[in-house]
Colleague: 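Quick one: this structure, given as structure tokens, is what I'll be asking you about.
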Amino acid sequence: MTVLPIRTFDDPALRVPAEPVRDFDRELRRLVKALTATMRAGAGRAGLAAPQVGEPLRVLVYDYDGRAGHLVNPRLELSERRVVADEACLSAPGVWWPLERSYMVTARGRDMFGKPVTLRALGVLARVLQHEADHLDGVLFSDHLEAAERERFLAAALPSG
């Protein structure tokens with residue numbers, strides 16, 4: 001299966017909101033499989049969104065603690081309970097940063113064949129889903145940081161020069 005290059009934090013394509021998937025066809029299934037292969041190609045990878053590989057579509061994949069799958073056109077319902085934990089991004093390799101997110105999420109969307117999917121997740125998997133759904137909206141996790149923290153994160157995440 002094809003492993004795709006992952007766009008880095010300084011790529012303007014990551015700031016563009018992704019388009020809803022309208023065609024549940026062979027191309028979509030190929031994209032889901034390529035996203036999954038790309039996510040699994042390195043250690044510690046728990047999720048990936050289509051915009052991170054240059055595909056501006058609302059598709060994400062996840063694989064954490066024995067729960068793996070994908071969501072097309074996801075919508076998230078977030079719990080009020082929030083927790084702070086370290087978070088990383090494949091578009092900023094090697095940099096972890098503490099971030100507050102909802103502890104629980106209910107995600108609704110479709111699978112690659114167009115069938116409805118509902119996924120309830122706690123803890124790290126809930127964090128992964130929120131992180132990847134942000135990518136679909138052109139939001140980077142550093143956008144959730146206070147300005148001074150964001151500057152420190154970007155200094156660590158972006159190549160100098």
Side-chain angles (χ1 to χ4, degrees), residues 1-42 44-64 67-79 82 85 87-97 99-121 124-145 150 153-154 157-159:
M1 182 47 53
T2 304
V3 173
L4 304 169
I6 296 173
R7 308 248 173 153
T8 58
F9 249 54
D10 55 350
D11 189 320
L14 292 177
R15 292 300 193 170
V16 178
E19 293 294 320
V21 171
R22 290 179 177 34
D23 298 320
F24 292 81
D25 57 9
R26 182 177 294 147
E27 285 303 310
L28 176 62
R29 291 187 290 281
R30 186 174 295 130
L31 174 61
V32 169
K33 290 174 185 174
L35 283 170
T36 301
T38 302
M39 174 186 60
R40 291 180 174 160
R45 296 177 173 194
L48 186 65
Q52 290 179 274
V53 298
E55 292 290 337
L57 292 171
R58 298 190 69 78
V59 179
L60 64 82
V61 296
Y62 61 90
D63 188 349
Y64 182 78
R67 294 181 73 185
H70 64 278
L71 287 168
V72 178
N73 299 333
R75 296 171 323 281
L76 303 185
E77 298 166 19
L78 306 176
S79 70
R82 298 179 63 82
E87 192 162 320
C89 182
L90 296 178
S91 293
V95 182
W96 291 80
W97 216 264
L99 182 66
E100 184 178 80
R101 295 251 191 210
S102 289
Y103 177 72
M104 185 177 76
V105 66
T106 300
R108 299 180 199 286
R110 303 225 171 245
D111 70 10
M112 67 178 127
F113 302 102
K115 293 184 178 152
V117 174
T118 299
L119 171 67
R120 288 179 180 80
V124 175
L125 184 55
R127 178 172 297 275
V128 168
L129 294 172
Q130 291 169 79
H131 180 105
E132 302 311 333
D134 274 353
H135 277 300
L136 302 180
D137 294 328
V139 174
L140 301 176
F141 88 91
S142 58
D143 295 342
H144 296 289
L145 301 173
R150 185 178 315 115
F153 170 81
L154 292 173
L158 296 177

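Below, all heavy atoms of this structure are taken into account, side chains as well, without hydrogens, waters or symmetry copies.
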Colleague: Using a strict 4.0 Å threshold on nitrogen-to-oxygen distance, state whether Glu87 and Arg127 make a salt bridge.
Modeller: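 Looking at Glu87 and Arg127, the cut-off is met.
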Colleague: Using the side chain to side chain contact (heavy atoms under 4.5 Å, CB included) criterion, which residues pair with Arg22? Sequence neighbours excluded.
Modeller: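 Here the qualifying residues are Pro20.
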Colleague: Are the charged groups of Asp63 and Arg40 less than 4.0 angstrom apart, N to O?
Modeller: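 Salt bridge present between Asp63 and Arg40.
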Colleague: How many angstroms lie between CG in Leu119 and CG in Leu129, if you round to the nearest 0.5 Å?
Modeller: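 Separation between the atoms: 5.5 Å.
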Colleague: How about Val32 and Val59: do any of their side-chain heavy atoms sit closer than 4.5 Å?
Modeller: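 Counting from C-beta outward, Val32 and Val59 do come under 4.5 Å.
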Colleague: Could you grab the distance from atom CG of Leu71 to atom CG of Leu60, nearest 0.5 Å is fine?
Modeller: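 Interatomic distance, Leu71 CG to Leu60 CG, rounded to 0.5 Å: 5.0 Å.
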Colleague: So do the side chains of Ile6 and Arg45 get within less than 4.5 Å of each other, counting heavy atoms only?
Modeller: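 Yes, close enough: below the 4.5 Å cut-off.
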Colleague: Using 0.5 Å steps for rounding, measure from the CG atom of Asp134 to the CG atom of Leu140.
Modeller: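 One finds 8.5 Å between CG of Asp134 and CG of Leu140.
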Colleague: Going by the rule side-chain hydrogen bond (donor to acceptor under 3.5 Å, both in side chains), which residues pair with Glu100 if we only count those two or more places apart in sequence or in a different chain?
Modeller: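 side-chain hydrogen bond (donor to acceptor under 3.5 Å, both in side chains) check on Glu100 returns Arg82.
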Colleague: How long is the gap from CG on Leu48 to CD on Glu132, to the nearest 0.5 Å?
Modeller: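 Interatomic distance, Leu48 CG to Glu132 CD, rounded to 0.5 Å: 6.0 Å.
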Colleague: For a quick test of reading the model, state the closest non-hydrogen atom pair linking Tyr62 to Leu125 and the distance between them.
Modeller: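 Closest approach of Tyr62 to Leu125: CD1-CD1, 3.8 Å.
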Colleague: Quick check: do Ser102 and Ser79 have side-chain heavy atoms less than 4.5 Å from each other?
Modeller: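 Yes, side chains in contact.
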Colleague: In terms of ring plane angle, is the pair Phe141 and His131 parallel, tilted or perpendicular, where the classes change at 30° and 60°?
Modeller: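 The rings of Phe141 and His131 sit tilted, inter-plane angle from 30° to 60°.
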Colleague: Under the salt bridge (charged side-chain N to carboxylate O under 4.0 Å, His left out) rule, collect the residues that match up with Asp11, sequence neighbours excluded.
Modeller: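 Only Arg7 meet the salt bridge (charged side-chain N to carboxylate O under 4.0 Å, His left out) criterion with Asp11.
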Colleague: Using side-chain heavy atoms (C-beta onward) and a distance below 4.5 Å, is Leu14 in contact with Gln52?
Modeller: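 Contact flag for Leu14/Gln52 side chains = yes.
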Colleague: Considering all heavy atoms of both residues, which atom of Pro74 and which atom of Leu136 are nearest to each other, and what is their separation?
Modeller: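 The pair with the smallest heavy-atom distance is CG-CD1, 3.5 Å.
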Colleague: How would you list, by chain and number, every residue that makes a side chain to side chain contact (heavy atoms under 4.5 Å, CB included) with Ala88, sequence neighbours excluded?
Modeller: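 Once residues adjacent in sequence are excluded, the partners of Ala88 under the side chain to side chain contact (heavy atoms under 4.5 Å, CB included) criterion are Trp96.
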Colleague: So does Arg29 pair up with Asp111, basic N to acidic O under 4.0 Å?
Modeller: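 No, Arg29 and Asp111 are not salt-bridged.
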Colleague: Within a strict 4.5 Å, meaning less than it, do heavy atoms of the Leu76 and Gln130 side chains meet?
Modeller: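 Contact flag for Leu76/Gln130 side chains = yes.
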Colleague: Hey, does Phe9 have a side-chain heavy atom less than 4.5 Å from the side chain of Ser142?
Modeller: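 Yes, side chains in contact.
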Colleague: Check the pair Arg30 / Asp25 against salt bridge (charged side-chain N to carboxylate O under 4.0 Å, His left out), numbers first and verdict last.
Modeller: CA-CA 9 Å; Arg30 186 174 295 130; Asp25 57 9; over 6 Å; no
Colleague: So Met112 and Phe24, do their side chains get closer than 4.5 Å, heavy atoms only?
Modeller: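 Not touching, per the 4.5 Å side-chain cut-off.
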Colleague: Would you please test Asn73 and Arg110 for side-chain contact (heavy atoms from CB on, under 4.5 Å) and show each step?
Modeller: CA-CA 7 Å; Asn73 299 333; Arg110 303 225 171 245; 5.5 Å; no
Colleague: For Val16, enumerate each residue passing the side chain to side chain contact (heavy atoms under 4.5 Å, CB included) test, keeping only those at least two apart in sequence or located in another chain.
Modeller: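 Partners of Val16 by the side chain to side chain contact (heavy atoms under 4.5 Å, CB included) criterion come out as none, since no residue qualifies.
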Colleague: What I'd like to find out is whether the side chain of Glu77 reaches to under 4.5 Å of the side chain of Arg108, using heavy atoms alone.
Modeller: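 Glu77 vs Arg108: side chains touch.
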Colleague: Taking only residues two or more places apart in sequence, or in another chain, which ones meet Asp143 in a salt bridge (charged side-chain N to carboxylate O under 4.0 Å, His left out)?
Modeller: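 Scan of Asp143 (salt bridge (charged side-chain N to carboxylate O under 4.0 Å, His left out), adjacent residues dropped) gives Arg15.
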Colleague: Roughly how far, to the nearest 0.5 Å, is CG of Leu57 from CD of Glu27?
Modeller: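 Result: 10.5 Å between the selected atoms.
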